[in-house]
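In what follows, a structure is listed as structure tokens, so that the remarks can point back to it.
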Amino acid sequence: MQPVRRHPWRVGYEQAVAIQQRLRAQLRLEPPARPPETVAGLDVAYSRRTHTLYAAAVVWRIAEARVLEVRHAIVPCRFPYIPGLFSFREIPALVAVLERLASRPDALVCDGHGIAHPRRFGLAAHLGLLFDVPCVGVAKKRLWGIELALGPERGEVAPLLDPHTAAPVGALVRTRSGVKPVFVSPGHRFDFDAAVELVLRCAGRFRLPEPTRRAHQETVRLLRTHDPKRPAVRERRYPDYVERQPGAAANA
DNA sequence: GCGACAG
DNA sequence: ATCTTGTCGC
């Protein structure tokens, strides 16, 4: 899978904001022509110690609830975390992992917001536009918008409204009864209803949609194998404590 | 000046 | 997100 637009190597703050304002005009917020059958869940883990991003993509066939493909990418981290400019931090890793996909999924599910963003250009909007692929954002916390009341049952939905215009920017979606909702917003080539529908179709037994949840697991596994943390010092020895011998009696 | 602030 | 120690519940 190849991007249709290039992302610059080095980006400063003002340039990042300018890129967002230029690209957001190109977003298409209509639903995909046909309902997605395969989606790629995406996630990134960080090593603070080595300034490295560990990205994973899990391609998922919705109808069969089955993994089709898993890819990884490891890239250096070259942009700070700034709320509102989050995509510039993770996009190099996500582009790298998507370029490794053999298949072209019908849609992407990102770990972050789409247009529920102060400039209407969150990670899912940015990434969807770079590849011109349908993309939805699923975030665990709010960045932008006013939350309307949401019922407690799985499948219930409430709007997330722009603070200035009261126009919808996304939705709160209850993916599990009695569990905190997720924040769903279209990124590119999605509208609100199709985005919510896709997230619910990908929802399994957990709060996060299954493709993203599995991508997260992959990311954690990558971090653990490539950047294992070892204790700074070995735990001290305890001279008075005697290890139980295998097969020894419990006491004398 | 104060609070809010995706990952 | 990462770091870090413990606690609660199936």
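Letters go in sequence order (proteins before strands), and every chain restarts at 1.
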note: Phe79(A), atom CZ; dG7(B), atom P; distance rounded to Å ~ 17 Å

- Query: So what does Leu85(A) hit on the nucleic acid, given a heavy-atom distance under 4.0 Å: a base, only sugar-phosphate, or nothing?
  - Reply: base

**Thr212(A) side chain to Leu208(A) backbone, donor-acceptor under 3.5 Å** = no

Practice prompt. Would you classify Ala45(A) as touching base, sugar-phosphate or nothing, given that sugar-phosphate means primed atoms plus P, OP1 and OP2, and contacts are heavy atoms under 4.0 Å?
Written response: sugar-phosphate

Within the structure, does a side-chain N or O atom of Arg142(A) lie under 4.0 Å from either OP1 or OP2 of dC5(B)?
yes

When rounded to whole Å, the CD1 to P distance for the pair Ile82(A) and dA6(B) reads 12 Å

* Asked: With under 30° as parallel and over 60° as perpendicular, where do the rings of Phe88(A) and His7(A) fit, or are they tilted in between?
  -> tilted

(message) Would Glu90(A) and Tyr81(A) count as a side-chain hydrogen bond (donor to acceptor under 3.5 Å, both in side chains) here? Give the steps.
(response) CA-CA 9 Å; Glu90(A) 289 203 347; Tyr81(A) 171 63; over 6 Å; no

Are the side chain of Arg71(A) and the backbone N or O of Leu98(A) linked by a donor-acceptor pair below 3.5 Å?
no

Separation of dA6(B) atom P from Arg120(A) atom CZ, nearest Å, is 18 Å

Whether Arg119(A) side chain and Gly84(A) backbone form a donor-acceptor pair below 3.5 Å
yes

- Reckon Tyr81(A) has a side-chain N or O less than 4.0 Å from the OP1 or OP2 of dA6(B)? yes

When you measure from the side-chain N and O atoms of Lys140(A) to the phosphate of dA6(B), is any distance below 4.0 Å, counting only OP1 and OP2? no

- prompt: Would you say Lys141(A) reaches dA4(B)'s phosphate, i.e. side-chain N/O to OP1/OP2 under 4.0 Å?
  reply: no

Using a 4.0 Å heavy-atom cut-off, does Gly137(A) contact any base of the nucleic acid, only the sugar-phosphate backbone, or nothing at all? nothing

Rounded to whole Å, the CD-P distance (Glu147(A) to dA4(B)) equals 13 Å

Separation of dC3(C) atom P from Arg48(A) atom CZ, nearest Å, is 7 Å

Rounded to whole Å, CD1 of Ile91(A) lies from P of dA1(C) at a distance of 18 Å

Arg224(A) CZ to dT2(C) C1', in whole Å, measures 16 Å

Here the distance between atom P of dG7(B) and atom NE2 of His113(A), to the nearest Å, is 6 Å

